[in-house]
Amino acid sequence: MSGIILPGADGVLFQRDRDWHPKADTPGYKSTTFRAPKHSLLALGPTKSELTGPTFGHEKLGTLDNDLIRNFSQDGTDAIGQRLVVYGQVLDENARPVPNTLVEYWQANAGGRYRHKKEGYLAALDPNFGGFGRSITDENGFYHFRTIKPGAYPWPNTGNDWRPAHIHFSVFGHAFAQRLITQMYFEGDPMIWQCPIVGTIPDKSAIDQLIARLDRHNTTPMDALAYRFDIVLRGRRSTMFENKLEGN
């Protein structure tokens with residue numbers, strides 16, 4: 001999401017805007033009725049055990065971890081689907097890059113099906129697509145990966161609801177307890193505005209920050225389109241995170 005640089009001097013902390021997030025209980029997204037807390041939320045600081053371990057190790061990343069087109073290949077051929085490069089920058093609230101950060105991503109295949117034993121959608125599985133990868137941001141906070149464009153899929157919300165094409169992201173801090181989760185949509189997809197989950201977000205500008213922009217200047221010629229998706233970790237213009245709704 002280009003264009004989300006925040007004003008402010010170094011060291012200035014911008015409080016998260018609670019109105020930026022959807023209400024916990026939103027009838028249009030049926031499962032929130034069962035998941036939403038019934039009492040006021042409490043902000044709890046991290047404990048010593050959360051801050052001291054476990055941590056992720058850079059040596060655990062393989063050479064194909066950021067290549068979803070090939071990292072699950074069973075027969076040496078590529079995954080089926082429209083080929084993409086997704087890249088972006090992880091920033092703090094003052095628009096400073098956040099280097100050396102673990103970014104994970106997972107998605108459905110080109111037919112809209114996840115590789116999961118409880119997946120209920122009948123679209124075909126691609127034997128050469130696992131749907132998961134990870135990267136470490138460089139010294140300027142950038143990550144990138146290759147993948148195929150995920151398909152839309154139905155979900156049992158009101159009977160005929162479909163999720164638009166999207167990719168899930170998680171960003172880790174120094175320990176596994178420091179984790180933020182969000183998802184990315186694709187510019188120009190009309191299904192974004194029909195999705196009941198997206199519809200829970202009250203501010204259209206917050207939705208816009210979840211939409212990756214087509215970047216024709218960074219395509220791989222005769223191979224893959226490019227989309228840019230920047231992530232802001234906190235502050236007034238923070239990326240919408242699914243697991244960070246308490247305003248801290």
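No hydrogens, no waters, no symmetry mates; every other heavy atom, side chains included, goes into these values.
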Engineer: Using the salt bridge (charged side-chain N to carboxylate O under 4.0 Å, His left out) rule, take Arg134 and Asp65 through it: C-alpha gap first, then chi angles, then the decisive distance, then the call.
Structural biologist: CA-CA 6 Å; Arg134 52 189 181 166; Asp65 274 12; 2.9 Å; yes

Engineer: Over all heavy atoms of both residues, which pair between Pro150 and His166 is shortest? Give the atoms and the distance, please.
Structural biologist: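 Nearest heavy atoms, Pro150 then His166: CG-O, 3.3 Å.
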
Engineer: Tell me, do Arg179 and Val171 make a side-chain contact under 4.5 Å, heavy atoms counted?
Structural biologist: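 No, their side chains stay 4.5 Å or more apart.
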
Engineer: Might you point out which heavy atoms bring Phe142 and Arg228 nearest each other, and give the distance in Å?
Structural biologist: CE2-NH2, 3.8 Å

Engineer: Are the side chain of Thr101 and the backbone of Pro99 linked by a donor-acceptor contact shorter than 3.5 Å?
Structural biologist: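 Yes, because the side chain of Thr101 sits within donor-acceptor range (under 3.5 Å) of the backbone of Pro99.
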
Engineer: Verify the cluster assignment for Ile197 and Met191: are they in a single hydrophobic cluster under the rule of side-chain heavy atoms below 4.5 Å apart?
Structural biologist: no

Engineer: Could you tell me which non-hydrogen atom of Ser170 sits nearest to which non-hydrogen atom of Ile181, and how far apart they are?
Structural biologist: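 Closest pair (atom of Ser170, atom of Ile181, distance): CB-CG1, 4.1 Å.
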
Engineer: Taking side chain to side chain donor-acceptor pair (under 3.5 Å) as the definition, give me every residue that meets it alongside Thr219, ordered by chain and number, with sequence neighbours left out.
Structural biologist: none

Engineer: Which ring pair (Phe, Tyr, Trp, His ring centres under 6.0 Å) pairs, counting each pair once, include a residue from residues 71-119, with sequence neighbours left out?
Structural biologist: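 Non-adjacent pairs meeting ring pair (Phe, Tyr, Trp, His ring centres under 6.0 Å): Tyr105-Phe145, Trp106-His168, Tyr114-Tyr153.
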
Engineer: Quick one: CD1 on Ile231 to OG1 on Thr239, what's the gap to the nearest 0.5 Å?
Structural biologist: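 Result: 6.0 Å between the selected atoms.
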
Engineer: Nearest 0.5 angstrom please: Asp126 CG to Thr77 OG1, how far?
Structural biologist: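 The OG1 atom of Thr77 is 8.0 Å from CG of Asp126, to the nearest 0.5 Å.
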
Engineer: Start with the C-alpha gap between Arg96 and Leu91, add the side-chain angles, then the distance that decides, and say whether side-chain contact (heavy atoms from CB on, under 4.5 Å) holds.
Structural biologist: CA-CA 5 Å; Arg96 296 172 299 195; Leu91 303 165; over 6 Å; no

Engineer: Output the distance between atom CG (Asn128) and atom CG (Leu68), rounded to the nearest 0.5 Å.
Structural biologist: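 That separation rounds to 12.5 Å.
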
Engineer: Can you check side-chain contact (heavy atoms from CB on, under 4.5 Å) on Thr220 and Leu225, steps first, answer last?
Structural biologist: CA-CA 6 Å; Thr220 304; Leu225 288 174; over 6 Å; no

Engineer: If you round to the nearest 0.5 Å, how far is OG1 of Thr33 from CZ of Arg35?
Structural biologist: 10.5 Å

Engineer: Please find the pair of heavy atoms, one from Asn66 and one from Ser135, that lie closest to each other, and give the distance.
Structural biologist: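 Closest approach of Asn66 to Ser135, heavy atoms only: CB-OG, 3.5 Å.
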
Engineer: Which heavy-atom pair separates Lys149 from Ala165 by the least distance, and what is that distance?
Structural biologist: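 Scanning both residues completely, I find the closest heavy atoms to be CE-CB, 4.5 Å.
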
Engineer: Going by salt bridge (Lys or Arg N to Asp or Glu O under 4.0 Å), name the residues that satisfy it together with Asp67, two or more places apart in sequence or in a different chain.
Structural biologist: Arg146

Engineer: Looking at side-chain heavy atoms only, is the closest gap between Arg113 and Leu125 below 4.5 Å?
Structural biologist: yes

Engineer: Between Phe169 and Val86, is there a side-chain heavy-atom distance shorter than 4.5 Å?
Structural biologist: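 A side-chain contact under 4.5 Å exists here.
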
Engineer: Flag the pair Val90 / Val103 as yes when at least one side-chain heavy-atom distance between them is below 4.5 Å, and no otherwise.
Structural biologist: yes

Engineer: Can you tell me which residue pairs pass the salt bridge (Lys or Arg N to Asp or Glu O under 4.0 Å) test with a partner in residues 182-204, sequence neighbours excluded?
Structural biologist: Lys204-Asp208

Engineer: If you define the side chain from C-beta out and look only at heavy atoms, does anything of Ser31 sit under 4.5 Å from Tyr29?
Structural biologist: yes

Engineer: How long is the straight-line distance from CG of Asp230 back to CE of Met184, given to the nearest 0.5 Å?
Structural biologist: 11.5 Å

Engineer: Determine whether more than 12 heavy atoms belonging to other residues, nucleotides or ligands lie under 6.0 Å from atom NZ of Lys38.
Structural biologist: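 For Lys38, atom NZ is crowded (more than 12 foreign heavy atoms under 6.0 Å).
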
Engineer: Test side-chain contact (heavy atoms from CB on, under 4.5 Å) on Val98 and Leu233 and set out the steps.
Structural biologist: CA-CA 9 Å; Val98 182; Leu233 295 181; 3.9 Å; yes

Engineer: Any heavy-atom pair between the side chains of Ile80 and Ile148 that's under 4.5 Å?
Structural biologist: no

Engineer: Do Ile167 and Thr147 come close enough that some side-chain heavy atom pair is under 4.5 Å?
Structural biologist: yes

Engineer: So, taking the atom named CG in Asp78 and the one named CD1 in Ile69, what distance separates them when rounded to the nearest 0.5 Å?
Structural biologist: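 Result: 6.0 Å between the selected atoms.
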
Engineer: Apply side-chain contact (heavy atoms from CB on, under 4.5 Å) to the pair Ile211 and Ile192, showing each step before the final yes or no.
Structural biologist: CA-CA 9 Å; Ile211 300 174; Ile192 296 171; 4.0 Å; yes

Engineer: Excluding sequence neighbours, so at least two apart, what forms side chain to side chain donor-acceptor pair (under 3.5 Å) with Gln183?
Structural biologist: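 Partners of Gln183 under the side chain to side chain donor-acceptor pair (under 3.5 Å) test: Arg163, Tyr185, Glu242.
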
Engineer: Using atom types as modelled and distance alone, determine if a side-chain donor or acceptor of Thr26 lies under 3.5 Å from a backbone N or O of Thr200.
Structural biologist: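 Side chain of Thr26 to backbone of Thr200, a donor-acceptor pair under 3.5 Å: no, none is there.
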
Engineer: Output every pair passing ring pair (Phe, Tyr, Trp, His ring centres under 6.0 Å) with a member in residues 186-221, not counting sequence neighbours, ordered by first then second residue.
Structural biologist: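 For residues 186-221: Phe186-Tyr227.
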
Engineer: Do Leu102 and Leu61 touch side chain to side chain, with heavy atoms closer than 4.5 Å?
Structural biologist: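 The answer is yes, as the side chains (C-beta and beyond) meet within the 4.5 Å cut-off.
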
Engineer: How close do Gln89 and Tyr143 get, heavy atom to heavy atom, and via which atoms?
Structural biologist: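 So the minimum-distance heavy-atom pair works out to N-CE2, 4.0 Å.
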
